[in-house]
Peer 1: 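First the structure, then my questions, so here it is.
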There are 2 protein chains.
Amino acid sequence: MTLFLSTFINQMDPKGRVSVPASFREQVGLVKTGRVILYRSFTHPCIEGCDIDRMALLSNAADQMPSFSKEQDSLMSLVFADARPLNIDGTGRIVLPEDLQIHARLSKKLAFVGRGKTFQIWDPDLFEKNQKSLREDALKKAPSVVLSS
Amino acid sequence: MTLFLSTFINQMDPKGRVSVPASFREQVGLVKTGRVILYRSFTHPCIEGCDIDRMALLSNAADQMPSFSKEQDSLMSLVFADARPLNIDGTGRIVLPEDLQIHARLSKKLAFVGRGKTFQIWDPDLFEKNQKSLREDALKKAPSVVLSS
DNA sequence: CTTTTCCCCATTGACACCCATGATTTTCCA
DNA sequence: TGGAAAATCATGGGTGTCAATGGGGAAAAG
(Lines give C-alpha, C1' and ligand atoms only; values in the text may rest on other atoms or scores of the structure.)
Protein backbone atom coordinates (compact mmCIF):
# COMPACT_ATOMS: atom_id res chain seq x y z
CA MET A 1 0.00 0.00 0.00
CA THR A 2 1.12 3.52 -0.76
CA LEU A 3 1.14 6.20 1.91
CA PHE A 4 1.06 9.95 2.27
CA LEU A 5 4.69 10.76 3.08
CA SER A 6 6.95 13.79 3.35
CA THR A 7 6.09 17.50 3.35
CA PHE A 8 5.53 19.75 0.32
CA ILE A 9 5.14 23.53 0.14
CA ASN A 10 2.82 24.65 -2.66
CA GLN A 11 1.29 28.02 -3.53
CA MET A 12 -2.37 28.96 -3.50
CA ASP A 13 -3.38 31.32 -6.34
CA PRO A 14 -5.89 34.19 -6.07
CA LYS A 15 -8.72 31.81 -7.03
CA GLY A 16 -7.93 29.58 -4.05
CA ARG A 17 -6.45 26.90 -6.28
CA VAL A 18 -3.50 24.83 -5.14
CA SER A 19 -1.72 21.78 -6.56
CA VAL A 20 -2.05 18.60 -4.54
CA PRO A 21 1.50 17.17 -4.47
CA ALA A 22 1.93 14.65 -7.27
CA SER A 23 2.97 11.86 -4.91
CA PHE A 24 -0.22 12.39 -2.88
CA ARG A 25 -2.30 12.25 -6.04
CA GLU A 26 -0.91 8.81 -6.82
CA GLN A 27 -2.65 7.46 -3.74
CA VAL A 28 -5.09 4.77 -4.90
CA GLY A 29 -8.15 6.30 -3.28
CA LEU A 30 -7.50 9.62 -5.00
CA VAL A 31 -6.68 8.19 -8.41
CA LYS A 32 -9.76 5.98 -8.36
CA THR A 33 -12.28 8.74 -7.67
CA GLY A 34 -10.38 11.87 -8.68
CA ARG A 35 -11.44 13.30 -5.35
CA VAL A 36 -9.99 14.11 -1.98
CA ILE A 37 -11.90 14.64 1.28
CA LEU A 38 -10.93 17.61 3.45
CA TYR A 39 -12.24 18.62 6.86
CA ARG A 40 -11.22 20.92 9.68
CA SER A 41 -9.03 19.39 12.37
CA PHE A 42 -10.76 19.17 15.75
CA THR A 43 -7.60 19.78 17.68
CA HIS A 44 -5.32 21.95 15.55
CA PRO A 45 -5.45 24.97 13.24
CA CYS A 46 -5.04 22.81 10.16
CA ILE A 47 -7.00 20.86 7.54
CA GLU A 48 -7.16 17.08 7.55
CA GLY A 49 -7.21 15.16 4.28
CA CYS A 50 -8.03 11.60 3.31
CA ASP A 51 -9.68 9.58 0.55
CA ILE A 52 -13.31 8.55 0.18
CA ASP A 53 -12.69 4.95 1.20
CA ARG A 54 -11.74 6.18 4.62
CA MET A 55 -15.02 8.05 4.92
CA ALA A 56 -17.01 5.02 3.82
CA LEU A 57 -15.24 3.01 6.51
CA LEU A 58 -16.33 5.49 9.13
CA SER A 59 -19.87 5.52 7.82
CA ASN A 60 -20.16 1.77 8.12
CA ALA A 61 -18.72 1.79 11.60
CA ALA A 62 -21.24 4.38 12.72
CA ASP A 63 -24.06 2.51 11.06
CA GLN A 64 -23.40 -0.56 13.17
CA MET A 65 -23.82 1.29 16.42
CA PRO A 66 -27.19 0.85 18.12
CA SER A 67 -29.70 2.93 16.22
CA PHE A 68 -30.53 6.33 17.60
CA SER A 69 -27.63 6.32 20.05
CA LYS A 70 -26.20 9.56 21.24
CA GLU A 71 -22.62 8.73 20.26
CA GLN A 72 -23.62 7.89 16.73
CA ASP A 73 -25.48 11.12 16.47
CA SER A 74 -22.58 13.28 17.59
CA LEU A 75 -19.95 11.56 15.52
CA MET A 76 -22.06 11.73 12.39
CA SER A 77 -22.78 15.40 12.64
CA LEU A 78 -19.27 16.42 13.37
CA VAL A 79 -17.44 14.40 10.78
CA PHE A 80 -19.77 14.14 7.83
CA ALA A 81 -21.22 17.61 8.06
CA ASP A 82 -17.75 19.09 7.85
CA ALA A 83 -16.25 16.79 5.22
CA ARG A 84 -15.71 18.32 1.76
CA PRO A 85 -15.28 16.09 -1.26
CA LEU A 86 -13.15 18.18 -3.64
CA ASN A 87 -12.53 17.36 -7.27
CA ILE A 88 -8.94 17.21 -8.40
CA ASP A 89 -8.78 18.92 -11.81
CA GLY A 90 -6.81 17.88 -14.87
CA THR A 91 -3.68 19.64 -13.69
CA GLY A 92 -3.83 18.16 -10.18
CA ARG A 93 -5.34 21.12 -8.37
CA ILE A 94 -8.20 21.65 -5.92
CA VAL A 95 -10.02 24.80 -4.85
CA LEU A 96 -9.82 25.35 -1.09
CA PRO A 97 -13.15 26.49 0.41
CA GLU A 98 -12.82 29.76 2.26
CA ASP A 99 -13.89 28.52 5.68
CA LEU A 100 -11.22 25.85 5.60
CA GLN A 101 -8.64 28.50 4.71
CA ILE A 102 -9.77 30.56 7.67
CA HIS A 103 -9.72 27.65 10.12
CA ALA A 104 -6.13 26.79 9.20
CA ARG A 105 -5.11 30.48 8.96
CA LEU A 106 -3.71 29.96 5.50
CA SER A 107 -2.13 32.57 3.28
CA LYS A 108 -0.29 32.03 0.00
CA LYS A 109 2.06 29.22 0.93
CA LEU A 110 0.64 25.90 2.15
CA ALA A 111 2.40 22.90 3.67
CA PHE A 112 1.05 19.48 2.64
CA VAL A 113 2.13 17.14 5.44
CA GLY A 114 2.05 13.36 4.95
CA ARG A 115 0.73 11.27 7.87
CA GLY A 116 0.49 7.80 6.40
CA LYS A 117 -3.11 7.07 5.56
CA THR A 118 -4.07 10.72 5.87
CA PHE A 119 -2.40 14.08 5.44
CA GLN A 120 -2.73 17.61 6.76
CA ILE A 121 -2.55 21.09 5.29
CA TRP A 122 -0.87 23.77 7.41
CA ASP A 123 0.40 27.28 7.22
CA PRO A 124 4.16 26.55 6.96
CA ASP A 125 5.06 28.79 9.92
CA LEU A 126 2.40 27.35 12.20
CA PHE A 127 3.47 23.87 11.24
CA GLU A 128 7.08 24.61 12.06
CA LYS A 129 6.15 25.90 15.50
CA ASN A 130 3.88 22.95 16.16
CA GLN A 131 6.58 20.47 15.17
CA LYS A 132 9.07 22.15 17.40
CA SER A 133 6.87 21.98 20.49
CA LEU A 134 5.93 18.37 19.72
CA ARG A 135 9.60 17.49 19.56
CA GLU A 136 10.32 19.13 22.90
CA ASP A 137 7.36 17.44 24.57
CA ALA A 138 8.36 14.05 23.24
CA LEU A 139 11.88 14.41 24.57
CA LYS A 140 10.69 15.50 27.98
CA LYS A 141 7.87 13.09 28.56
CA ALA A 142 8.31 9.73 26.95
CA PRO A 143 11.17 9.12 24.56
CA SER A 144 10.51 5.39 24.76
CA VAL A 145 7.03 5.75 23.33
CA VAL A 146 8.31 6.92 19.99
CA LEU A 147 8.18 4.08 17.49
CA SER A 148 6.16 1.74 19.67
CA SER A 149 3.65 -0.44 17.86
CA MET B 1 -20.51 3.78 -2.41
CA THR B 2 -21.42 7.43 -2.41
CA LEU B 3 -22.26 9.32 0.75
CA PHE B 4 -24.08 12.42 1.88
CA LEU B 5 -21.19 14.72 2.82
CA SER B 6 -20.64 18.36 3.72
CA THR B 7 -23.13 21.14 4.49
CA PHE B 8 -24.93 23.34 1.94
CA ILE B 9 -27.00 26.46 2.58
CA ASN B 10 -29.82 26.84 0.05
CA GLN B 11 -32.75 29.25 -0.12
CA MET B 12 -36.43 28.38 0.08
CA ASP B 13 -38.60 30.52 -2.22
CA PRO B 14 -42.10 31.84 -1.39
CA LYS B 15 -43.63 28.70 -2.89
CA GLY B 16 -41.73 26.52 -0.43
CA ARG B 17 -39.40 25.26 -3.12
CA VAL B 18 -35.75 24.57 -2.36
CA SER B 19 -32.92 22.98 -4.35
CA VAL B 20 -31.59 19.69 -3.03
CA PRO B 21 -27.79 20.07 -3.29
CA ALA B 22 -26.52 18.59 -6.55
CA SER B 23 -24.11 16.23 -4.82
CA PHE B 24 -26.98 14.85 -2.71
CA ARG B 25 -29.07 14.32 -5.82
CA GLU B 26 -26.33 12.18 -7.31
CA GLN B 27 -26.92 9.63 -4.56
CA VAL B 28 -27.97 6.38 -6.25
CA GLY B 29 -31.21 6.01 -4.34
CA LEU B 30 -32.32 9.49 -5.33
CA VAL B 31 -31.32 9.24 -8.98
CA LYS B 32 -33.03 5.88 -9.34
CA THR B 33 -36.42 6.95 -8.02
CA GLY B 34 -36.32 10.72 -8.43
CA ARG B 35 -37.54 10.88 -4.87
CA VAL B 36 -36.29 11.71 -1.42
CA ILE B 37 -37.83 10.63 1.91
CA LEU B 38 -38.22 13.23 4.65
CA TYR B 39 -39.48 12.92 8.22
CA ARG B 40 -39.32 14.90 11.43
CA SER B 41 -36.44 14.18 13.78
CA PHE B 42 -37.43 12.89 17.23
CA THR B 43 -34.46 14.33 18.98
CA HIS B 44 -33.74 17.64 17.26
CA PRO B 45 -35.59 20.53 15.67
CA CYS B 46 -34.67 19.37 12.19
CA ILE B 47 -35.81 17.21 9.28
CA GLU B 48 -34.25 13.83 8.55
CA GLY B 49 -33.71 12.79 4.94
CA CYS B 50 -32.78 9.58 3.17
CA ASP B 51 -33.62 7.47 0.13
CA ILE B 52 -36.15 4.69 -0.31
CA ASP B 53 -33.53 1.96 0.01
CA ARG B 54 -32.66 3.08 3.50
CA MET B 55 -36.31 2.97 4.54
CA ALA B 56 -36.52 -0.59 3.29
CA LEU B 57 -33.38 -1.42 5.25
CA LEU B 58 -34.85 0.02 8.43
CA SER B 59 -38.00 -1.94 7.91
CA ASN B 60 -36.12 -5.21 7.51
CA ALA B 61 -33.95 -4.52 10.52
CA ALA B 62 -37.02 -4.00 12.66
CA ASP B 63 -38.58 -7.20 11.41
CA GLN B 64 -35.59 -9.44 11.86
CA MET B 65 -34.35 -8.31 15.22
CA PRO B 66 -36.39 -9.50 18.18
CA SER B 67 -33.81 -7.72 20.28
CA PHE B 68 -35.39 -4.47 19.31
CA SER B 69 -36.80 -2.83 22.37
CA LYS B 70 -40.38 -1.73 22.69
CA GLU B 71 -39.26 1.87 22.39
CA GLN B 72 -37.27 1.24 19.23
CA ASP B 73 -40.24 -0.52 17.74
CA SER B 74 -42.58 2.35 18.41
CA LEU B 75 -40.00 4.82 17.16
CA MET B 76 -39.87 2.86 13.95
CA SER B 77 -43.57 3.01 13.42
CA LEU B 78 -43.48 6.73 14.06
CA VAL B 79 -40.87 7.12 11.36
CA PHE B 80 -42.89 5.27 8.78
CA ALA B 81 -46.06 7.12 9.64
CA ASP B 82 -44.32 10.44 9.37
CA ALA B 83 -42.21 9.75 6.27
CA ARG B 84 -42.94 11.79 3.12
CA PRO B 85 -41.70 10.73 -0.27
CA LEU B 86 -41.15 13.96 -2.20
CA ASN B 87 -40.59 14.25 -5.93
CA ILE B 88 -37.47 16.01 -7.09
CA ASP B 89 -38.39 18.20 -10.07
CA GLY B 90 -36.47 18.79 -13.28
CA THR B 91 -34.35 21.55 -11.76
CA GLY B 92 -33.49 19.54 -8.65
CA ARG B 93 -36.00 21.09 -6.26
CA ILE B 94 -38.56 19.78 -3.77
CA VAL B 95 -41.49 21.51 -2.08
CA LEU B 96 -41.21 21.35 1.72
CA PRO B 97 -44.51 20.49 3.45
CA GLU B 98 -45.52 23.15 5.94
CA ASP B 99 -45.57 20.96 9.05
CA LEU B 100 -41.98 19.90 8.42
CA GLN B 101 -40.98 23.54 8.05
CA ILE B 102 -42.62 24.31 11.38
CA HIS B 103 -41.01 21.40 13.20
CA ALA B 104 -37.54 22.47 12.08
CA ARG B 105 -38.31 26.18 12.63
CA LEU B 106 -37.21 26.98 9.11
CA SER B 107 -37.21 30.39 7.49
CA LYS B 108 -35.68 31.37 4.14
CA LYS B 109 -32.23 29.83 4.48
CA LEU B 110 -31.89 26.06 4.99
CA ALA B 111 -28.83 24.00 5.84
CA PHE B 112 -28.60 20.59 4.13
CA VAL B 113 -26.30 18.59 6.38
CA GLY B 114 -24.61 15.39 5.21
CA ARG B 115 -24.52 12.44 7.65
CA GLY B 116 -23.13 9.65 5.54
CA LYS B 117 -26.03 7.44 4.58
CA THR B 118 -28.61 10.05 5.54
CA PHE B 119 -28.84 13.83 5.78
CA GLN B 120 -30.66 16.49 7.80
CA ILE B 121 -32.25 19.86 7.08
CA TRP B 122 -31.71 22.58 9.70
CA ASP B 123 -32.16 26.25 10.24
CA PRO B 124 -28.55 27.42 9.74
CA ASP B 125 -28.37 29.28 13.08
CA LEU B 126 -29.76 26.39 15.11
CA PHE B 127 -27.38 24.04 13.34
CA GLU B 128 -24.40 26.25 14.05
CA LYS B 129 -25.18 26.31 17.76
CA ASN B 130 -25.70 22.58 17.87
CA GLN B 131 -22.42 21.88 16.09
CA LYS B 132 -20.50 24.15 18.39
CA SER B 133 -21.67 22.41 21.54
CA LEU B 134 -21.12 18.98 20.03
CA ARG B 135 -17.58 19.96 19.13
CA GLU B 136 -16.85 21.08 22.66
CA ASP B 137 -18.29 17.87 24.11
CA ALA B 138 -16.30 15.71 21.72
CA LEU B 139 -13.06 17.40 22.71
CA LYS B 140 -13.80 16.99 26.41
CA LYS B 141 -15.17 13.48 26.52
CA ALA B 142 -13.65 11.41 23.78
CA PRO B 143 -10.77 12.93 21.90
CA SER B 144 -9.72 9.42 20.93
CA VAL B 145 -12.84 8.93 18.90
CA VAL B 146 -12.01 11.87 16.74
CA LEU B 147 -10.64 10.35 13.56
CA SER B 148 -7.24 9.48 14.81
CA SER B 149 -5.17 8.47 11.84
C1' DC C 1 -64.21 27.76 -10.70
C1' DT C 2 -60.43 28.07 -7.42
C1' DT C 3 -56.28 26.41 -5.62
C1' DT C 4 -52.43 23.56 -5.60
C1' DT C 5 -48.88 21.02 -7.89
C1' DC C 6 -45.82 20.46 -11.48
C1' DC C 7 -43.21 21.80 -15.64
C1' DC C 8 -40.73 25.00 -18.56
C1' DC C 9 -37.74 28.84 -19.57
C1' DA C 10 -34.44 32.73 -18.22
C1' DT C 11 -30.69 34.66 -15.47
C1' DT C 12 -26.35 34.82 -12.86
C1' DG C 13 -22.43 33.50 -10.75
C1' DA C 14 -19.23 29.93 -9.38
C1' DC C 15 -16.22 26.51 -10.81
C1' DA C 16 -14.57 22.81 -13.90
C1' DC C 17 -12.08 22.49 -17.95
C1' DC C 18 -9.03 24.25 -21.52
C1' DC C 19 -4.44 25.80 -23.06
C1' DA C 20 0.07 28.02 -22.17
C1' DT C 21 4.60 28.72 -19.75
C1' DG C 22 8.71 27.96 -17.10
C1' DA C 23 11.29 25.21 -14.07
C1' DT C 24 12.93 20.88 -12.76
C1' DT C 25 13.81 16.08 -13.43
C1' DT C 26 14.39 11.98 -16.12
C1' DT C 27 15.62 9.55 -20.21
C1' DC C 28 18.64 8.15 -23.47
C1' DC C 29 22.00 8.38 -26.85
C1' DA C 30 26.34 10.23 -28.61
C1' DT D 1 30.05 10.53 -18.87
C1' DG D 2 28.11 14.70 -20.67
C1' DG D 3 24.45 16.90 -22.59
C1' DA D 4 20.36 17.40 -25.41
C1' DA D 5 15.62 15.92 -25.80
C1' DA D 6 11.57 14.55 -23.52
C1' DA D 7 8.65 14.15 -19.65
C1' DT D 8 6.77 15.82 -15.36
C1' DC D 9 5.24 19.25 -12.40
C1' DA D 10 3.69 23.63 -10.40
C1' DT D 11 1.54 27.67 -11.81
C1' DG D 12 -1.11 31.57 -14.52
C1' DG D 13 -5.08 32.92 -17.06
C1' DG D 14 -9.50 32.64 -20.07
C1' DT D 15 -13.96 30.60 -20.86
C1' DG D 16 -17.86 27.40 -21.25
C1' DT D 17 -20.95 24.82 -18.41
C1' DC D 18 -23.93 23.81 -14.84
C1' DA D 19 -26.11 24.56 -10.26
C1' DA D 20 -29.07 27.59 -7.76
C1' DT D 21 -32.74 30.65 -8.07
C1' DG D 22 -36.81 33.53 -9.90
C1' DG D 23 -40.98 33.77 -12.48
C1' DG D 24 -44.84 32.29 -15.59
C1' DG D 25 -48.23 29.21 -16.89
C1' DA D 26 -50.34 24.53 -17.81
C1' DA D 27 -52.28 20.47 -15.76
C1' DA D 28 -54.61 18.40 -12.00
C1' DA D 29 -57.16 18.22 -7.90
C1' DG D 30 -60.95 19.67 -4.96
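Just so it is clear, the values below take in all heavy atoms, side chains as well, and ignore hydrogens, waters and symmetry mates. Throughout, a chain's letter reflects where its sequence line sits, starting with A, and its residues are numbered from 1.
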Peer 1: Measure from the side-chain N and O atoms of B/H103 to the backbone N and O of B/S41, and report whether any donor-acceptor pair falls under 3.5 Å.
Peer 2: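 Yes.
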Peer 1: What's the CG-C1' distance between A/N10 and D/dG12, to the nearest Å?
Peer 2: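 Those two atoms, CG and C1', are 15 Å apart.
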Peer 1: Before you tell me yes or no, could you show the steps for A/D51 and A/I37 under side-chain contact (heavy atoms from CB on, under 4.5 Å), namely the whole-Å CA-CA distance, both residues' side-chain angles and the distance that decides it to 0.1 Å?
Peer 2: CA-CA 6 Å; A/D51 61 25; A/I37 310 286; 5.9 Å; no
Peer 1: B/I121 pairs by side-chain contact (heavy atoms from CB on, under 4.5 Å) with which of B/V20, B/V113, B/L38, B/L100?
Peer 2: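 Among B/V20, B/V113, B/L38, B/L100, the one meeting side-chain contact (heavy atoms from CB on, under 4.5 Å) with B/I121 is B/L38.
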Peer 1: D/dA19 P sits how many Å from B/F24 CZ, rounded?
Peer 2: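 Checked: the CZ to P distance equals 15 Å.
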Peer 1: List the steps, then state whether side-chain hydrogen bond (donor to acceptor under 3.5 Å, both in side chains) holds for A/K109 with A/N10.
Peer 2: CA-CA 6 Å; A/K109 287 183 185 299; A/N10 283 347; over 6 Å; no
Peer 1: Scan A/P21 against the nucleic acid and name what it touches under 4.0 Å (heavy atoms): base, sugar-phosphate only, or nothing.
Peer 2: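 Sugar-phosphate contact only - A/P21 comes under 4.0 Å of backbone atoms but never of a base.
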Peer 1: Could you check which of D/dT21, D/dA19, D/dT11 has an atom nearest any side-chain atom of A/Q11?
Peer 2: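 It is D/dT11.
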Peer 1: For D/dG22 and B/K108 - does any side-chain N or O of the residue sit under 4.0 Å from the phosphate oxygens OP1/OP2?
Peer 2: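 So the side-chain polar atoms of B/K108 do come within 4.0 Å of the phosphate oxygens OP1 or OP2 of D/dG22, strictly under.
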Peer 1: Whole angstroms only, please: what is the CD1-P distance between A/I94 and D/dT11?
Peer 2: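 These atoms are roughly 12 Å apart.
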Peer 1: Should we count CZ of B/R25 as having more than 12 external heavy atoms under 6.0 Å?
Peer 2: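 Atom CZ in B/R25 is crowded, with more than 12 foreign heavy atoms closer than 6.0 Å.
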Peer 1: Between A/R25 and D/dA10, is there a contact of a side-chain N or O with OP1 or OP2 at under 4.0 Å?
Peer 2: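 Yes, A/R25 has a side-chain N/O under 4.0 Å of OP1/OP2 on D/dA10.
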Peer 1: Rounded to whole Å, please give me the gap between CE in A/M12 and C1' in D/dG13.
Peer 2: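 Interatomic distance, CE of A/M12 to C1' of D/dG13: 17 Å.
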Peer 1: Can you measure B/I9 atom CD1 to D/dA19 atom C1' for me and round it to whole angstrom units?
Peer 2: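 Rounded to the whole Å, the gap is 16 Å.
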Peer 1: Is B/Q120 reaching over with its side chain to a backbone N or O of B/G114, donor-acceptor style, under 3.5 angstrom?
Peer 2: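 Looks like no, no N/O pair under 3.5 Å.
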Peer 1: Do nucleotides 4-15 of chain C as a string where each nucleotide becomes B, S or -: B if the base has a protein heavy atom under 4.0 Å, S if just the sugar-phosphate does, - if no protein is that close.
Peer 2: --BBBB------
